[in-house]
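Numbered from 1 within each chain, the chains take letters A, B, ... in sequence-line order.
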Amino acid sequence: MSKTADVVHEIYDRLMSAYGRQGWWPGDSDTETVVGAILTQNTAWTNVERALANLRKASAVDWAVLRDLSDAKIAEMIRPAGTFRVKTLRLRAFVSTLWSQHAGSLGNMLSGDLAEVRNRLLAIHGIGPETADAILVYAGHRPSFVVDAYTRRVLRRHGLVTPDESRSYEIVQRVFHRSLEPDAEMFNEYHALLVKVAKRHCRNRATCAGCPLVELPHDESL
DNA sequence: TGCCAGGCCGGGT
DNA sequence: ACCCGGCATGGC
């Protein structure tokens, strides 16, 4: 048992004890989860919710409906999410691939060999590593750890990766994959908990106090 | 008021 | 292999 794995487990246990289950995207359809994953790229979640509300009102959280909607209509509805022209094209690319390669079935698209499914997602214009993993975990219920800026920061701060290593998505993800059992439900919670703790405590030095991880060995300068 | 949010792409080094 | 500018709304 490596020391790294112990710390990775310890962090999870502490965050879960402090905050409990986050239950990200619990009642939403997998379809809405995918749309949300694309809309939330570099965007505050409150803005994504407005966009999703517009789509719901138009019954557009549906692959066939989205397929038949014009770019202009989609752009208008998702406008509150920001970068809406770009995201319209990204949704279009996803819908297009879903129909051309998977008969419009998300379940079909997300089943099969995990590495292959992930590579297929990455091949879609606008789906990068984080969005692909978010789709896999939160919509596909597959164990592929989501790495974001918060994740990198926590690993860095607690000495699980060097600042240099923390820039590599691959390296950061590997820390989790080598330390944890491949459990989609746990990966779901772990990522959500990291976002939670970082938002509360990592904004600046002053908010560090009270962090559930403050008693673990760490370097505040990171 | 500026900076940032649950990134990604394309072009340049 | 990295680094950077662009994308754009709403909240603090």
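- One P atom belongs to B:dC4, the other to C:dG5, and the distance between them is 14 Å to the nearest Å.
- You'll find that the side chain of A:D148 is closest to B:dG6, out of B:dG6, C:dC7, C:dG11.
- B:dC8 and C:dG10 have their P atoms separated by 23 Å, given to the nearest Å.
- Whole-Å rounding puts the A:R200 CZ to B:dA5 P distance at 18 Å.
- With a cut-off of 3.5 Å on both Watson-Crick or G-U wobble distances, the partner of B:dT13 is given as C:dA1.
- In this structure, the CD1 atom of A:I38 is 17 Å from the C1' atom of C:dA8, given to the nearest Å.
- Of the candidates B:dG7, C:dA8, B:dG6, B:dG6 carries the atom nearest the A:W24 side chain, counting heavy atoms from C-beta on.
- Between A:C202 and A:T207, the closest heavy-atom pair is N-OG1, 4.2 Å.
- Picking from C:dG11, B:dG6, C:dA8 the nucleotide with the shortest atom distance to the side chain of A:K199 gives B:dG6.
- For B:dC3 and C:dG6, the P atoms lie 14 Å apart once the distance is rounded to whole Å.
- Residue A:V61 is grouped with residue A:I74 when hydrophobic side chains (ILVMFWY) are merged at heavy-atom distances under 4.5 angstrom, including chains of intermediate members.
- Note: OH (A:Y150) to P (B:dC4) measures 11 Å, nearest angstrom.
- Rounding to whole angstrom units, CG of residue A:L91 and C1' of B:dG7 are separated by 14 Å.
- Checking C:dC7, C:dG10, B:dC8 against the side-chain heavy atoms of A:N47 singles out C:dG10 as nearest.
- Listed nucleotides: B:dC8, C:dG11, B:dG6. Nearest to the side chain of A:V195: B:dG6.
- If you look at A:F187 and A:H177, their ring centroids are closer than 6.0 Å.
- Under the stacking definition used here (centres under 5.5 Å, planes under 30°), the residue A:W45 qualifies as stacked on the base of B:dG6.
- To the nearest angstrom, C1' of B:dC8 lies 12 Å from CG of A:L89.
- Contact annotation: A:R85 reaches the phosphate of C:dA8 (side-chain N/O to OP1 or OP2, under 4.0 Å).
- Rounded to a whole angstrom, the distance from the P atom of C:dC4 to that of B:dG6 is 23 Å.
- Sequence order on DNA chain B of the closest nucleotides to A:I124 and A:Y138 puts A:Y138 first from the 5' end.
- A sub-4.0 Å separation between OP1 or OP2 of C:dT9 and a side-chain N or O of A:R79 is present.
- Under 4.0 angstrom from either OP1 or OP2 of B:dG6 there lies no side-chain N or O belonging to A:T131.
- Side-chain atoms of A:N42 and base atoms of B:dG7 include a donor and an acceptor less than 3.5 Å apart.
- Comparing C:dG10, C:dA8, B:dG7 against the side chain of A:R90 picks out B:dG7 as the nearest.
- C:dA8 is unpaired under the Watson-Crick or G-U wobble criterion, no partner having all donor-acceptor distances under 3.5 Å.
- Across C:dG11, B:dC8, B:dA5, the shortest atom-to-atom separation from the side chain of A:E130 is found for B:dC8.
- Aromatic ring centres of A:F176 and A:Y190 lie closer together than 6.0 Å.
- Out of B:dG7, C:dG11, B:dG6, the shortest distance to the side chain of A:Q41 is found at B:dG7.
- As rounded to whole Å, 12 Å separates atom P of C:dA1 from atom CD1 of A:I171.
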TODO: Take A:E215 and A:R14 through the test salt bridge (Lys or Arg N to Asp or Glu O under 4.0 Å) and record every step on the way to the result.
DONE: CA-CA 10 Å; A:E215 296 164 33; A:R14 282 174 171 272; 3.8 Å; yes
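- In this structure, A:H191 reaches neither bases nor backbone, as no heavy-atom distance under 4.0 Å exists between it and the strands shown.
- Here C:dC3 is the nucleotide among B:dG7, C:dC3, C:dT9 with the atom lying nearest to any side-chain atom of A:R167.
- In terms of phosphate contacts, A:R50 brings a side-chain nitrogen or oxygen within less than 4.0 Å of OP1 or OP2 of C:dG11.
- For the residue pair A:R152 and A:S166, no side-chain donor N or O sits within less than 3.5 Å of a side-chain acceptor on the partner.
- Between A:L213 and A:H218, the closest heavy-atom pair is O-ND1, 4.4 Å.
- If you take CG of A:N188 and P of B:dG6, they are 16 Å apart, rounded to a whole angstrom.
- If you check C:dA8, C:dG11, B:dG10 against the side chain of A:H125, the one that comes closest is B:dG10.
- One atom, CG of A:L122, and another, C1' of B:dC9, lie 13 Å apart when rounded to the nearest Å.
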